[in-house]
Amino acid sequence: MKMKALSYPYIVWIAIFIVVPLVLVFLYAITANGGNLTDARVTLDNFRKFMDPKYLDVLWISVKLALQSTVITLVVGYPIAMIIAKEKPSKRNIMIFLFVIPMWMNFLLRTYAWLTLLGKNGVINFIVTSLGFKPLDLLYHDGAVLLGMVYNFLPFMVLPIYSVLVKIDKSLIEAAEDLGANKFQIFTKITMPLSIPGVITGITMVFMPAVSTFVISRLLGGGQYMLIGNLIEQQFLWVGDWHFGSAISIIMMIFILITMALTSKFDSEKEGSRGLW
Amino acid sequence: MKMKALSYPYIVWIAIFIVVPLVLVFLYAITANGGNLTDARVTLDNFRKFMDPKYLDVLWISVKLALQSTVITLVVGYPIAMIIAKEKPSKRNIMIFLFVIPMWMNFLLRTYAWLTLLGKNGVINFIVTSLGFKPLDLLYHDGAVLLGMVYNFLPFMVLPIYSVLVKIDKSLIEAAEDLGANKFQIFTKITMPLSIPGVITGITMVFMPAVSTFVISRLLGGGQYMLIGNLIEQQFLWVGDWHFGSAISIIMMIFILITMALTSKFDSEKEGSRGLW
Amino acid sequence: MENNYIIDLKSISKEYDGVRVLDNINLYVRKNEFITLLGPSGCGKTTTLRIIGGFEQPTEGRVIFEGKDITNVPPYKRQINTVFQKYALFPHMNVFENIAFGLKIKKLPKNEIEKRVKEMLRLVNLQGFENRSIQSLSGGQQQRVAIARALVNEPKVLLLDEPLGALDLKLRKEMQTELKNMQQRVGITFIYVTHDQEEALTMSDTVVVMDKGVIQQIGTPEDIYNEPKNAFVAKFIGESNIIDGIMHEDFVVEFAGEVFKCIDKGFSKKETIEVVIRPEDLEITIPEEGKLKGIVKSVTFKGVHYEIIVNDGNRDWKIHSTIMKPVGTEIGMNIAPENIHVMKKVNEK
Amino acid sequence: MENNYIIDLKSISKEYDGVRVLDNINLYVRKNEFITLLGPSGCGKTTTLRIIGGFEQPTEGRVIFEGKDITNVPPYKRQINTVFQKYALFPHMNVFENIAFGLKIKKLPKNEIEKRVKEMLRLVNLQGFENRSIQSLSGGQQQRVAIARALVNEPKVLLLDEPLGALDLKLRKEMQTELKNMQQRVGITFIYVTHDQEEALTMSDTVVVMDKGVIQQIGTPEDIYNEPKNAFVAKFIGESNIIDGIMHEDFVVEFAGEVFKCIDKGFSKKETIEVVIRPEDLEITIPEEGKLKGIVKSVTFKGVHYEIIVNDGNRDWKIHSTIMKPVGTEIGMNIAPENIHVMKKVNEK
């Protein structure tokens, strides 16, 4: 009884601690650029400013890139998850370990590793120049950013799909086989539909960080390559327009929330997808 | 049978795609600063360079800060996880949702949110100045960085502990009660020991990103506040010494691996801790 | 006499979200008795047990333990221990630590704990298992550890919630005998919950048959089987033929179109009643000698006996007999007066 | 005659990692037969079923189906369907889709599928359940869907792997009767796996008792119960008293220090044998009239009968009788010649 009385204020306090920054971002977004909170004036200017084609273009590129990397990680990652799930438990764990290792490394570090591959003095260019060709400009375009994203986010696609596939009852496969289904039919009618919760978790876990990334695009895309994450960073850090920065953040968050709502609609089997949290 | 024959090359190829960058980082770390891979010369100079007190100091501060934020998130997060786990399922999900929302926001954004609280023109200073005091320099010191880390990493501590606590069979609690244990004894002898796998997952999920973070320290600690993550970033991006940067990365990775090995030693119940992957 | 009751439930009722799961339960348990709460799932037997254990609070009524009201005493202060349905052994402790748990809580000296745990392990036939992990034990062994963990605290009452439900048939039969012997050796009160009527009959001194939150009958196994109070009890305890009938006067009953002598009395004249006849109590004769006649509809070999379904033109009779009668034969059936059980007719909800 | 066999297992053996789980299984199954593989867990009965279904390949031996060798034919090409132990219903499909699965794979026209699924739902008594999700069904209903899903494909053989194992006692008994009726109605071969001897006796035309990967006995339920071939079968099928004895000559056997008449012959002179006596075949008499004498050690009420343990000074006898004898009384016991079952003595591994 006593515990209960203490626990509520604690939870409320913690919730405030978490929610307050979000509320502040919101407040900044709907006030004018006054430099100080005392001259705050409610306005939608910050959002209107974003409607400029140059900013909308950034949003469009960000979403496109995020979608592309989500699709690629899904197409590449699903077979990996399936192959690993079919192995014996001992082998399975080693293979999953191999996939998890890079996740232990700092996100930044992993991206830098790609710099060493793709950079002007990098390995690929070393091979190219030794063969007598002119060095290639591999960094600083869409392809490099996309490659970096796929590399960084692949484990987040493989792991949830794998963890759902591994839990599928083998007798379901046998039952389908018993009822006349061949290997292809088993996949399309049983394995695939049952793995949907894992696929959805994977998609959200890749799409959300991909759409808001700023490190990958800055390093591999060069300073001139602007994604929405970079735009936010720029506003806060270099331009100093917190109001506009907050407005972009809000827009991005709404965008992510919509995506979440859409994907979770397909996700009837709630248990499966919640497995990862 | 055919599937099997195709799957092995696929897995090997993907493994290379993941491992090659790591190998490259390693190669860079053990070669001299020659500007080009053709004049590569194996050396331990890069590691020797790190033995300088000024770099060791950075390592020491990074580890200390990561440890501090891990301990604080554990102390703050464990009661939260316990309180949520004791709620009814419907309420539980809402509360967990509240904790997960900030995780959907970009890491950077969450940190910026703190800037709006702690900054020169931020909310706290607004209150302080309206009361007639001189504005405080809240940003750019240990406290602010620590607060930012705790805020950012708290969900990663709460969720794994919560998911283990929620799975503890209620009849175990009843059995302990039946055998004469009071609420305190039930916690120390049953709940706590059974939640160890979640605690260990939480610790690794907070400590690892905390020790290698560079965004939080750069934004909240100011440019002069140097953590090991910032050091690596500096070497790659501003100084351009990839060899030394790689060496620091390797040192940090070894450090993280040792921590992982230490924590997993306490983690006899493997199933539980793997729940999160 | 009241002194002899160790537990006394007084008008216990229990509601969950407005649904009444226990309705006015009155039950006393004698010292050293083996009492079984028997009924289908959802009949309220486990809730009753949990109220005795203190894990649930009754909505109405009181729980008396050795003359004292313990309705609001928490479980950890009751001299009652429980063996849980799925054992609820602590997975992070070995066998010794599990059994010693209650004693350590009571802060007994170390050598005393060791002595008593060893003793218990002997009682449940698990000597040398001290350092085994719970996961490495079979279902039957876990079951024994759960019993040892409860008994080592020397409770005055042991509650057992379907403790054999998870075991297979053979092990279950073995453990039934073992549990009964254990109870007689340690000489404490066992309150046992099961849905298996055979288990209840085999082990108990007293059987309490429950249905829909209400006690249907309390009695010895023989009483319950031979003199079921109503059709529910008759159907639940063993197989039976239940036929509507009329009680003409004391010792005379009419059913299936014939008048029979019986040994029941105390009904009003011409009262509509139900008659229970156990399948093994129908004697097969040649058609001429049988009071009832019928044609064999099916025969199934059941091991000890054949199950013969006979149709008399109006209804099917189930007969258990060691004599085989081929399908299609006409046979006669007789019933001895003492095998005709007359029950008051209750309108089922 | 060979034409009458639908399935013929020829010298089937199976090894896993060098451990032999099936050893030289020879078994034929007749058309429209209800055959049960019975044995304790780990006896190889499920492996045998899985070999027939095509889910496992035998290490040695051949599987013949209607005269053709199908040992290497994959499951999806066999005219055999299976009801799995835990039903294995597809959780992402509703009842209709589950049952229609096999027909859709065969690309039958839509209205034909609908007609046959409806028919099946009627057969298993689940009309109107088409759109229900699998999760919303009770265990018994899921069980019926699993049977419908298999039967709708009109297999020539239906394999059932402990299909009633997850149901509770009462539902199990109901489903036993229902399954047997269903088999007779649809008129196809059922191969049934269970560890429950009562289930096997009740439902089967033929029972195959297995232990340690070897077939111990094949026969009708009556054969198996009344004339067990060895001590394992006798112990596994029902309760029994098993006593060492000597066969003096045809129809004369000595055990428990007495010479009895019996109806067995064909043993060598003075051969050491084992005698099985069912508990219900021991007649209780007054001590003076009994060939065997003993003191009652314990009495348990079991519903239909009392279980009386009698000690004759050398061993315990288990008697099932409707007469109660108090503990401590001296009684006599007689055995009719036809109730003495003489078996060859086998050295247990």
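Everything numeric here is computed off the predicted structure, so don't read it as measured data. Throughout, protein chains are lettered first and strands after them, A, B, ... in sequence-line order, and every chain is numbered starting at 1. What's counted below: heavy atoms across the whole structure, side chains too, no hydrogens, waters or symmetry copies.
- Contact record, B:Ala175 with C:Ala88: CB-O, 3.9 Å, taken as the closest heavy-atom pair.
- In the displayed structure, B:Phe26 atom CZ is contacted under 6.0 Å by at most 12 heavy atoms of other residues, nucleotides or ligands.
- Side-chain contact between B:Ile190 and C:Met93 is present, with at least one heavy-atom pair separated by less than 4.5 Å.
- Separation of atoms CG (B:Leu172) and CG (C:Leu89) is listed at 8.5 Å; rounding is to 0.5 Å.
- Within a 6.0 Å sphere centred on CZ of B:Phe187, other residues, nucleotides and ligands contribute more than 12 heavy atoms.
- Looking at B:Lys189, both its backbone and its side chain come within 4.5 Å of chain C, counting heavy atoms on both sides.
- Heavy atoms of C:Leu159 lying under 4.5 Å from chain B are absent altogether.
- The nearest pair of heavy atoms linking B:Gly180 to C:Ile105 is O-CG2, 3.3 Å.
- For chain B, the nearby parts of C:Asn81 are the backbone and the side chain; heavy atoms of each come within less than 4.5 Å.
- When all heavy atoms are compared, the tightest approach of C:Phe84 to B:Glu174 is CE2-OE1, 3.7 Å.
- By the 4.5 Å heavy-atom criterion applied to side chains, B:Ile186 and C:Tyr76 are not counted as neighbours.
- Other residues, nucleotides and ligands contribute only 12 or fewer heavy atoms inside 6.0 Å of the NZ atom of C:Lys77.
- Nearest heavy atom pair, residue B:Asp178 against residue C:Ile80, reads OD1-O, 3.6 Å.
- Neither the backbone nor the side chain of C:Leu103 comes within contact range of chain B, judged by heavy atoms closer than 4.5 Å.
- Residues C:Pro91 and B:Asp169 form no side-chain contact, since every pair of their non-hydrogen atoms from C-beta on lies 4.5 Å or further apart.
- Looking at C:Arg149, the atoms closer than 4.5 Å to chain B (heavy atoms on both sides) sit in the backbone and in the side chain alike.
- With a 4.5 Å cut-off on non-hydrogen atoms, B:Gln185 touches chain C through its side chain but not through its backbone.
- In this structure, CD on B:Glu177 lies 10.0 Å from OG1 on C:Thr82, to the nearest 0.5 angstrom.
- Here the side chains of C:Phe90 and B:Leu179 are in contact, with some heavy-atom distance below 4.5 Å.
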